[in-house]
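Residues take their numbers from the sequence shown, with the count starting at 1.
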Amino acid sequence: MTKRVFKQDEFKETGFGNRVIEPNQRMMNKDGKSNVRRTGLLFYSISNVYHLLITMKWWKFLIIIFSSYLFLNFVFTLLYHLGDLNHLNGMMYTTPLGRFMEVFYFSAQSLTTVGYGRLNPSGYFFSTLASIEAFVGLLSFAIATGLLYGRFSRPVANILFSKIGVVAPYQGITAFMIRLANMNKSELINLESTLLLAYIQDIEGKVTRKFVPLKLELTRINLLTMTWTIVHPIDEESPMLYWTKEDFQKNQVEFIVLIQAYEETFAQNVHARSSYKFEEIVFGAKFDTITKPGENGSVIVELNRINDHIITGLELEQERIN
């Protein structure tokens, strides 16, 4: 039987709910996004599409922009083929494919409003269609420019979390620790951290998920210039006192870390999140030092070694509270 957690120490609701949907379910993904899918609503709403385009990875965003550009050109090329191509003056081709590409390139010139001059439309149909395409192009590039600005101007806490957490020796007891660092050149100021423990508890045959805020050695630092090791002492106030390694696994623990800071470049508050499941915890280890002297009195932080740790041989206390 594990240590009892007092009701006043628990969160009644954290946004994830207390119901256990499936065994070993992860609440928070490593990238800080909640492991929840929302269904039943119209996905392709303006707000959803905008949020998706602003937050998706850069390579996906660029593929979508380029694909949209090609798709619009292809659609207008087909529309031009509905008319008499003799009204598209300056055509030079010898094969059907060459004719298609000539019209496609004319569409690209109209969409981008470049208009090199060799090809020009005549007649109401082609002139009207080229005017509509130029208008669509102006709107499309305005939207793409706005999305690019939104992606560049969106304040992001580019915090690097260690992929592992450790249970390490700490002032005569043990402690759960994770390490993080700032990957941006700009400074993060007044950082605040919150660490939550999510675990499964069976009470009279009813399996529920509990969320407990964990006491930290430091909850706030002024600057994140090098690294910050977030430490939860496993002492008399900790719900994990006398837990063994098997208890961590049986209770399906998940440590959720929430970071809030002030980003000086954008002059706004930013947030970052991550989580650690049982299989991402190293027991009997401590983080290795990843700082070393640099030139002209500077300090080098080797962020590629943020997960480096040293095995200490620590064994968790086997005694339990009855």
Side-chain angles (χ1 to χ4, degrees), residues 29 31-34 36-158 183-186 263 265-268 270-272:
N29 293 320
D31 61 1
K33 296 181 180 179
S34 59
V36 176
R37 293 177 56 202
R38 303 174 182 88
T39 61
L41 296 175
L42 181 63
F43 174 76
Y44 293 103
S45 64
I46 293 177
S47 60
N48 279 338
V49 171
Y50 175 78
H51 181 270
L52 181 65
L53 291 172
I54 287 293
T55 57
M56 67 172 47
K57 294 184 181 299
W58 270 104
W59 66 269
K60 292 182 179 180
F61 175 77
L62 293 176
I63 288 177
I64 288 177
I65 293 296
F66 186 67
S67 299
S68 300
Y69 172 73
L70 293 179
F71 175 75
L72 284 175
N73 276 306
F74 183 76
V75 169
F76 277 99
T77 299
L78 294 181
L79 291 176
Y80 285 121
H81 276 82
L82 296 177
D84 184 1
L85 293 180
N86 290 326
H87 289 285
L88 194 56
N89 304 319
M91 294 271 287
M92 298 174 59
Y93 61 89
T94 57
T95 64
L97 177 61
R99 181 182 62 184
F100 179 86
M101 296 307 298
E102 280 280 280
V103 179
F104 182 85
Y105 292 141
F106 170 74
S107 172
Q109 295 170 27
S110 299
L111 188 69
T112 57
T113 68
V114 173
Y116 289 120
R118 182 173 68 83
L119 295 176
N120 63 283
S122 63
Y124 290 113
F125 177 77
F126 276 82
S127 297
T128 302
L129 193 55
S131 300
I132 293 174
E133 185 174 14
F135 179 71
V136 171
L138 288 173
L139 290 180
S140 301
F141 283 105
I143 293 173
T145 302
L147 290 171
L148 282 170
Y149 174 78
R151 291 181 66 89
F152 278 111
S153 63
R154 184 170 65 96
V156 176
N158 202 8
M183 292 193 293
N184 284 340
K185 297 292 185 181
S186 60
E263 216 280 345
T265 301
F266 294 98
Q268 294 186 34
V270 291
H271 305 267

Considering non-hydrogen atoms only, spot the tightest contact between [X] and [Y] and give its length.
| X | Y | value |
| --- | --- | --- |
| Ala108 | Thr112 | O-OG1, 2.7 Å |
| Tyr80 | Ala130 | OH-CA, 3.2 Å |
| Ala157 | His271 | CB-O, 3.6 Å |

To the nearest 0.5 Å, how far apart are [atom1] in [X] and [atom2] in [Y]?
| X | Y | atom1 | atom2 | answer |
| --- | --- | --- | --- | --- |
| Leu138 | Leu111 | CG | CG | 9.0 Å |
| Phe76 | Phe71 | CZ | CZ | 10.5 Å |
| Leu62 | Met56 | CG | CE | 10.5 Å |
| Thr265 | Asn184 | OG1 | CG | 7.5 Å |
| Leu148 | Leu53 | CG | CG | 10.5 Å |
| Ile65 | Leu70 | CD1 | CG | 11.5 Å |

Subject >> Results of side-chain hydrogen bond (donor to acceptor under 3.5 Å, both in side chains) for Gln109 - residues two or more places apart only >> reply: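 Per chain and number, Gln109 pairs via side-chain hydrogen bond (donor to acceptor under 3.5 Å, both in side chains) with no residue.
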
Counting neighbours of [atom1] on [X] that are heavy atoms of other residues, nucleotides or ligands and sit closer than 6.0 Å, is the number greater than 12?
| X | atom1 | answer |
| --- | --- | --- |
| Phe266 | CZ | yes |
| Tyr105 | OH | no |
| Phe141 | CZ | yes |
| Trp58 | CH2 | yes |

**OP:** Specify whether Phe100 and Phe104 have parallel, tilted or perpendicular ring planes, treating 30° as the upper limit for parallel and 60° as the lower limit for perpendicular.
**Re:**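 Plane angle under 30°, so parallel.
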
Do [X] and [Y] have side-chain heavy atoms sitting under 4.5 Å apart?
| X | Y | value |
| --- | --- | --- |
| Glu133 | Asn73 | yes |
| Pro121 | Phe106 | yes |
| Phe125 | His87 | no |
| Tyr116 | Val114 | yes |
| Phe61 | Ile54 | no |

**OP:** Run the numbers on Met91 and Val103 for side chain to side chain contact (heavy atoms under 4.5 Å, CB included), then give the verdict.
**Re:** CA-CA 8 Å; Met91 294 271 287; Val103 179; 3.8 Å; yes

